There are 2 protein chains.
Amino acid sequence: MEEKGYLRHIAFDSVVFGFSGERLKILITKYHNTGLFALPGGFVNRNENLNDAVRRGLKERTGLDNIYLEQFYTFGDVARYKPEIMQTILESNEHDLTEFTWMLDRFISVAYYALINYNDVVPTPDALSDSCDWYDIDKLPVLMLDHAEIVAKALQTLRDNLERKLVGMNLLPPFFTMNDLQKVYEAILGEKLHRGTFQRKILSLGILQRHEKQFSGKAHKAPFLYSFGE
Amino acid sequence: MEEKGYLRHIAFDSVVFGFSGERLKILITKYHNTGLFALPGGFVNRNENLNDAVRRGLKERTGLDNIYLEQFYTFGDVARYKPEIMQTILESNEHDLTEFTWMLDRFISVAYYALINYNDVVPTPDALSDSCDWYDIDKLPVLMLDHAEIVAKALQTLRDNLERKLVGMNLLPPFFTMNDLQKVYEAILGEKLHRGTFQRKILSLGILQRHEKQFSGKAHKAPFLYSFGE
DNA sequence: TTATTATTGTCTCAATTTGCGACAATAAGT
DNA sequence: ACTTATTGTCGCAAATTGAGACAATAATAA
């Protein structure tokens, strides 16, 4: 069989979406001294479910358990294989290269997207990275390898799933206004929605619980608060 | 680096859908002397794109190029790892086991579904299999490992995509009647559709070309033939 | 020739959903 | 009290969907 450690040739990358109140953002890490930006990712232990590996990776970066996760595509082109890049990263970290030669090999990457409540998270870099930060979905830095393509496909999948799966629950705090929820939908779809139609549609789903009003201190009628739950 | 050959730990499985005129079917292979039924699958060469590997595998089983292919999920649970089963298969084939020990290792499997014209295909078994045949989607034999789950997810994805992607094109011959197309939809969805509504919907898409009528020799009005194309 | 049968293409009508504007209601500031 | 900005809801037209109805027609039977 094989020594302990990670499965060869298999990696995962995660596109972590958060919503700041107006804009959709994702987590991006930056490698030490290289100027290379990448999606947070990782490897799978020999005795670990793939899905669990991804949860473990996200826990390290966000501190969160029980994250909403969706696997959306597996990227397996040979063109992904650029050992020079990984070599640069490893050298910049002054690691003993011989211990990490397996990282210079070809990898197939299973990609997931996650939806989390932006305010719950303090992004944490991993050993190879010197930063892990939120970036506006339309102001991303240039990402290494095919990570821009991965982000694009994540966003596309999220949009396609928007009507079938409940999304706001994971991107918003427990209590929110109808306008908050609409802003989430608009940020994901990238277009304005009609207020009346949106409210009617969402309420007709019968999945929102209405609570007391929220007095914003502004000079206008106060909105109801809602939460998810039967 | 590593010797030539396949990437370790990575496999693919394909759910090949065909339509016989009334029912939806998929290709299932049976391993020599074991009674084990499985989806046709394979491995990825070191210098080969994942998608190309799947096309290569399908070409071997169906003889077809340019197959409609859709990747839908990657299965990575540890519970998939059952070396006894693969051992049984290898022993039944009287292969030199030492040459194939890598097949006894844990695999993560990327699953694809394919849509092909049933009549174009003569299913061909591979080296380890003694048969490769069409099975009715609701009369499948007991499949090994998690292959039943893979089929279920393939069918679910196909249903979800039915409205967004053009499906009939790949499951029907070049010319077909509106009724043929409706039967495809009904087989996939597993429910009857209303004739008038279906015809109106499909025609409104504006993707069908109408041709001369088809005289069936039956005692009733002859239907138009259609083909896909602007 | 004429009726019969099964199936097709199309239409109509009601029911439902959607897009969009309008209205009164209301917190807070003036 | 009056103004302002925003909210919850309603109304109405347009579009879509579900289901049946009807004439047209290819082959067969009388």
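Just so it is clear, the model here is predicted, and its values are computed rather than measured. To find a chain, count down the sequence lines: A is the first, B the second, and so on, and within it residues start at 1.
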Take a 6.0 Å sphere around CG of A/N66 and say whether it holds more than 12 heavy atoms from other residues, nucleotides or ligands.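 Open: at most 12 neighbouring heavy atoms sit under 6.0 Å from CG of A/N66.
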
Check whether more than 12 heavy atoms from other residues, nucleotides or ligands sit under 6.0 Å from atom CD of B/E163, and answer yes or no.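 Atom CD in B/E163 is not crowded, with 12 or fewer foreign heavy atoms closer than 6.0 Å.
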
Could you work out which one of [options] sits closest to the side chain of [X]?
{"X": "A/A219", "options": "D/dT4, C/dC20, D/dA26", "value": "D/dT4"}
{"X": "B/P223", "options": "D/dG11, D/dT17, C/dG9", "value": "C/dG9"}
{"X": "A/R200", "options": "C/dT10, C/dG19, D/dG18", "value": "C/dG19"}

DNA chain D: A/H220 or A/Q199, which has the more 5' nearest nucleotide?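 So the residue in question is A/H220.
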
Rounded to whole Å, how long is the line connecting atom [atom1] of [X] with atom [atom2] of [N]?
{"X": "B/K201", "N": "C/dT16", "atom1": "NZ", "atom2": "C1'", "result": "13 Å"}
{"X": "B/F215", "N": "C/dT8", "atom1": "CZ", "atom2": "C1'", "result": "12 Å"}
{"X": "B/L193", "N": "D/dA19", "atom1": "CG", "atom2": "P", "result": "11 Å"}
{"X": "A/R210", "N": "D/dT7", "atom1": "CZ", "atom2": "P", "result": "13 Å"}
{"X": "B/L203", "N": "C/dT10", "atom1": "CG", "atom2": "C1'", "result": "10 Å"}
{"X": "A/K218", "N": "C/dT30", "atom1": "NZ", "atom2": "P", "result": "14 Å"}
{"X": "A/L208", "N": "D/dG8", "atom1": "CG", "atom2": "P", "result": "12 Å"}
{"X": "A/M178", "N": "D/dT9", "atom1": "CE", "atom2": "C1'", "result": "12 Å"}

Salt bridge between B/D130 and B/K30, side-chain N to carboxylate O under 4.0 Å?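 Salt bridge absent between B/D130 and B/K30.
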
Is the shortest side-chain N/O distance from A/K213 to OP1 or OP2 of C/dA27 below 4.0 Å?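 So the side chain of A/K213 is within the cut-off, an N or O lying under 4.0 Å from OP1 or OP2 of C/dA27.
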
Hey, is the side chain of B/N179 poking within less than 4.0 Å of OP1 or OP2 on C/dT8, counting only N and O atoms?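 So the side chain of B/N179 is within the cut-off, an N or O lying under 4.0 Å from OP1 or OP2 of C/dT8.
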
Considering non-hydrogen atoms only, spot the tightest contact between A/F224 and A/H211 and give its length.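 Taking A/F224 first and A/H211 second, the nearest heavy atoms are CD2-O, 3.5 Å.
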
Show the nearest heavy-atom pair for residues A/S109 and A/R80, with the distance to one decimal.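 Taking every non-hydrogen atom into account, CB-NH2, 3.2 Å.
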
Between A/K221 and A/R195, which residue's closest nucleotide on DNA chain C lies nearer the 5′ terminus?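 Looking at the nearest nucleotide for each, A/R195 comes out on the 5' side.
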
